[in-house]
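Quick notes on the structure that follows.
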Amino acid sequence: MLFTPHIVFPVDFSERSKLVRPHVISMAEHFRAKVTLLHVIQIPIAWYGSTEQAFPVMFDIPAMVADGRQQLETFFGSAPPGLRVETVVDHGDPAARITEYAEQQGVGLIMMPTHGYGKFRSLLLGSVTAKVLHDTKCAVWTSAHTEDPDLPRHDGYRIILCAAGLEPENAGVIRYAADLASSFKAQFRLVHAVSTDEYVVAGLHQSAMDASREAIARLQRKAGTETGLCLKVGSVSSVVRASALEHRADLVVIGRGRLQGALGRLRTNAYAIIRDSPCPVLSV
């Protein structure tokens, strides 16, 4: 099993959140998973820490919870027959509550849009998404992080691209992506970025490419897969984006690590890949 059949869909009632609905329904139906619609009412941290404000702000939390629950009940509209949906309303820091809920309930997958606003949108992921990606242990599906608020119409995954680093643990990422592609009967390809730093000395270009190709071949043997490889020179995020566009990928699968850990080059670029990808990204 690729993941525990329990999907959490954090809902903030934004337009991008609404556009993720068909993706969540499709994934849940495919894996026969339960869906939890989780709405977290964000209370400013300062409200918890001080009662000496000149103009205290009052929050009627019970009323806000009731309103959130009522909105969640109609959020999916007429859910497909057989789809198990539950609603949960909480309050506090959204990223922390999403992560805590996922861990406490043994959630297998979190599906959420990315958010970024203004002229820095191309540089940043939304803070909630970034924190969830950093802290959670389960797989996270994120929508394409584009200026266009519309998401492509979802009618299944036909082409799945796996961005693979050269570290030994990437064999598991490759195997995961291959199994996912098999479950959707989708085409499956690998992509690896060869950094310009790896052949900065004149004459090492071809040797760096050959070494990367051999390393990926070893990972494929370990993963028990045999599929095509896109090997390109450049930054990880730009290479993954170019390959996704070239092959018209519907989904990119990547490995994801914690910032405080010892990470490989691909994992340190996870946020950039998600930010620049033209299609949804599933990070594991």
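Put simply, the side chain of D90 never gets that close to the backbone of V40: no donor and acceptor are under 3.5 Å apart. Proximity of a side-chain donor or acceptor of S212 to a complementary backbone N or O of V194 within less than 3.5 Å is not detected. Using modelled atom types, no side-chain atom of N269 and backbone atom of A272 make a donor-acceptor pair closer than 3.5 Å. When atom types are taken as modelled, the side chain of S277 and the backbone of I274 share no donor-acceptor pair closer than 3.5 angstrom.
Every side-chain contact (heavy atoms from CB on, under 4.5 Å) that Q187 has, sequence neighbours left out, goes to I159. Remark: T36 pairs with H6, V8, K34, E86, V88, Y101 by the side-chain contact (heavy atoms from CB on, under 4.5 Å) rule, at least two apart or across chains. Partners of P5 under the side-chain contact (heavy atoms from CB on, under 4.5 Å) rule, at least two apart in sequence or in another chain, are M1, A33. Among residues two or more places apart in sequence or in another chain, the ring-ring contact (aromatic ring centres under 6.0 Å, His included) test is passed with F31 by F3, F184.
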Residues V281, I254; criterion side chain to side chain contact (heavy atoms under 4.5 Å, CB included); working and verdict: CA-CA 7 Å; V281 176; I254 66 172; 3.9 Å; yes
For the pair S17 and S14, evaluate side-chain hydrogen bond (donor to acceptor under 3.5 Å, both in side chains) and give the outcome as yes or no after the intermediate values. CA-CA 5 Å; S17 184; S14 66; 4.6 Å; no
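For F13 and H39, the gap between ring centers is short of 6.0 Å.
Sorted by first and then second residue, the pairs that involve residues 216-243 and meet salt bridge (Lys or Arg N to Asp or Glu O under 4.0 Å), not counting sequence neighbours, are K232-E246. Screening residues 17-29 for salt bridge (Lys or Arg N to Asp or Glu O under 4.0 Å), with sequence neighbours left out, gives E15-K18.
Tested against T87, the residues E73, Q71, Q70 include a single side chain to side chain donor-acceptor pair (under 3.5 Å) partner, E73.
Proximity of R189 to C230: side-chain heavy atoms (C-beta onward) are separated by under 4.5 Å at one or more points. The closest side-chain heavy-atom distance from V140 to L282 is not below 4.5 Å.
Closest approach of P10 and M112 over heavy atoms only: CD-CB, 4.1 Å.
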